[in-house]
Amino acid sequence: MPLSPFSSPIYVTRPILPDLKLMNEQLADIWQSRVLTNYGSKHKLFEVKVKDFLGVENLSLSVNGAVALLMALKAMELPVGSEVITTPFTFPATPHAIHWNNLKIVFCDIDPVTMCIDANKIEELITPNTSAILGVHVYGIPCDVKKIDEIAKKHNLKVIYDAAHAFNTKIDGVPIGHYGDVSMHSFHATKLFNTVEGGCLVYPDESLGLKLYRLENFGIVNEEIVADFGINGKMNELQSAMGILTIDMVKEETEKRKKIFDTYNRILSQFEGIEVMKLPENATNSYQYYVIRIHRDKCKISRNELYEKLKGFNIMARKYFYPLCTEYYCYKHIKTGPLPVANKIKNEVLCLPYYGDLGVENAEKIAEIILSLVK
Ligand SMILES: Cc1ncc(COP(=O)(O)O)c(C=O)c1O
């Protein structure tokens, strides 16, 4: 029987939302206190809850992930104009954070399996002017953090991770934020866990906390002293209230997404033209994205054709991350070495609808539609 289109569009994600009654209670507290921002009681409680959830000791909440990443780089005190090695296979916020810090972007190719920065290609890009490595745990798949750590120690470099997709990713049970000097998680509405907009920085060295506090609050020390070039990166009380409620929903959402992950993997892995999402055995999945790779030589149609045809079924997949950051108008001028792996993978990847309420039945149908189109 031919598979019929969905009756309304199915997008890649749908945010988890708390019970409106509970949210109104949170808002009533805020209205009562008239404290809307600047580290009120909601912020304090939320911070504790996120630390507990992630199992980390040092954490700073932020207004969003992009600003958090700007502050993370700023906090590293890298020499102006020095080089930061990063991946082109990411969201624009990653290289933008380097640019906004007056640092030079050096794009490195990616690993053919993890799709994260290829740790084996980093050293050849290091010059006397290199100051840091900015890795991205793309789709929540961890970078080779141990190798990157070794390289950084050897060459005296800072390590920053864009862990926007890796909220709750662990390696051998250790929270991902334990690695590198500082890691950023995004709490954007499109993420597994959201505060509408929001994010946080996690760092192993407690002393970074004060520096980040100053950076997110205009550099203010007290009413008369401004000690640093801070920005306004604070999370407000409404975001925090949302987070207080949504964080309690993450476990259930993760369980639901796990079933969808297994369903997609079970059906799609039947065909050799499709490479399903897998993580290293010692890593815990963040369940933020579900990505497949379409191998053109084994499929009837290309990734782009599949993407277009899926729209006809009301399935709105996304080509994350196509094009590469090196192809953006603002970064085209940057000279890079060859990026064969990133240039191949950008034409293969497709992120599929992935949220708890999608349900296993719909995931089965999406997977069957994909198989019928590519086989
Ligand atoms: C890899 C990556 N980095 C940074 C960001 C920016 O995070 P935010 O939207 O919270 O500013 C995103 C956003 O989705 C992202 O995917």
Side-chain angles (χ1 to χ4, degrees), residues 11-16 46 50 59-74 84 86-101 105 107-108 110-111 114-117 132-143 159-169 176-177 180 182-202 212 215-216 231-236 238-240 242-243 246-247 277 286-291 318-326 328 330-331 342 345-346 349-351 354-355:
Y11 297 105
V12 271
T13 192
R14 188 153 84 175
I16 48 172
F46 181 46
V50 186
L59 178 142
S60 306
L61 297 173
S62 285
V63 65
N64 61 49
V67 168
L69 199 56
L70 288 185
M71 296 189 299
L73 276 158
K74 188 85 178 157
V84 179
T86 193
T87 167
F89 189 68
T90 182
F91 190 68
T94 316
H96 287 349
I98 303 174
H99 180 85
W100 276 58
N101 273 283
I105 304 164
F107 288 112
C108 177
I110 59 173
D111 181 279
T114 65
M115 297 176 271
C116 298
I117 190 166
I133 300 164
L134 171 48
V136 181
H137 305 303
V138 71
Y139 316 118
I141 302 169
C143 296
V159 179
I160 304 102
Y161 285 114
D162 179 335
H165 305 174
F167 184 72
N168 213 20
T169 296
I176 194 93
V182 55
S183 299
M184 177 278 280
H185 295 303
S186 165
F187 306 159
H188 185 259
T190 52
K191 300 295 184 289
L192 165 90
F193 163 60
N194 87 89
T195 56
V196 186
E197 295 269 4
C200 73
L201 294 172
V202 178
L212 288 170
L215 286 175
E216 73 189 24
I231 194 171
N232 185 356
K234 303 183 298 290
M235 177 174 275
N236 66 49
L238 279 85
Q239 291 174 293
S240 304
M242 178 83 173
T246 49
I247 201 155
M277 185 167 170
S286 65
Y287 296 105
Q288 294 239 4
Y289 287 92
Y290 184 88
V291 68
R318 294 297 298 265
K319 295 187 246 176
Y320 295 137
F321 287 99
Y322 170 90
L324 299 179
C325 293
T326 41
Y328 293 149
C330 52
Y331 295 126
I345 289 180
K346 74 172 187 196
V349 283
L350 197 63
C351 282
Y354 195 45
Y355 50 89

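Atoms within each ligand, like the ligands themselves, are counted from 1 in listed order.
- Under the 4.0 angstrom criterion for non-hydrogen atoms, Ala97 is not in contact with ligand 1.
- When only interatomic distances are considered, the shortest N/O to N/O separation between Gly65 and ligand 1 falls below 3.5 Å.
- Inclusion of Met184 in the set of residues having an N or O under 3.5 Å from an N or O of ligand 1 is not warranted.
- Geometrically, ligand 1 and Thr90 share no nitrogen or oxygen pair separated by less than 3.5 Å.
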Could you go through the side chain to side chain contact (heavy atoms under 4.5 Å, CB included) check for Phe89 and Phe107 one step at a time? CA-CA 9 Å; Phe89 189 68; Phe107 288 112; over 6 Å; no

Go through His96 and His99 one step at a time and tell me if the side chain to side chain contact (heavy atoms under 4.5 Å, CB included) criterion holds. CA-CA 5 Å; His96 287 349; His99 180 85; 5.5 Å; no

Please test Ile98 against Leu73 for side chain to side chain contact (heavy atoms under 4.5 Å, CB included), starting from the C-alpha separation and ending with a verdict. CA-CA 7 Å; Ile98 303 174; Leu73 276 158; 4.1 Å; yes

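- Applying the side chain to side chain contact (heavy atoms under 4.5 Å, CB included) test between Pro88 and each of Thr94, Thr326, Ile105, Ile117 identifies Thr326 as the sole match.
- Using a 4.0 Å cut-off between heavy atoms, Ala93 contacts ligand 1 through its side chain alone, with no backbone atom that close.
- Using cut-offs of 30° and 60° on the angle between ring planes, the pair Phe46 and Phe193 is tilted.
- Where the criterion is an N or O separation shorter than 3.5 Å, residue side chain and backbone included, Ser186 meets it with respect to ligand 1.
- By the 3.5 Å distance cut-off applied to N or O atoms, Lys191 is counted among the residues near ligand 1.
- Atom CD of Gln288 sits about 12.0 Å away from atom NE2 of His137, to the nearest 0.5 Å.
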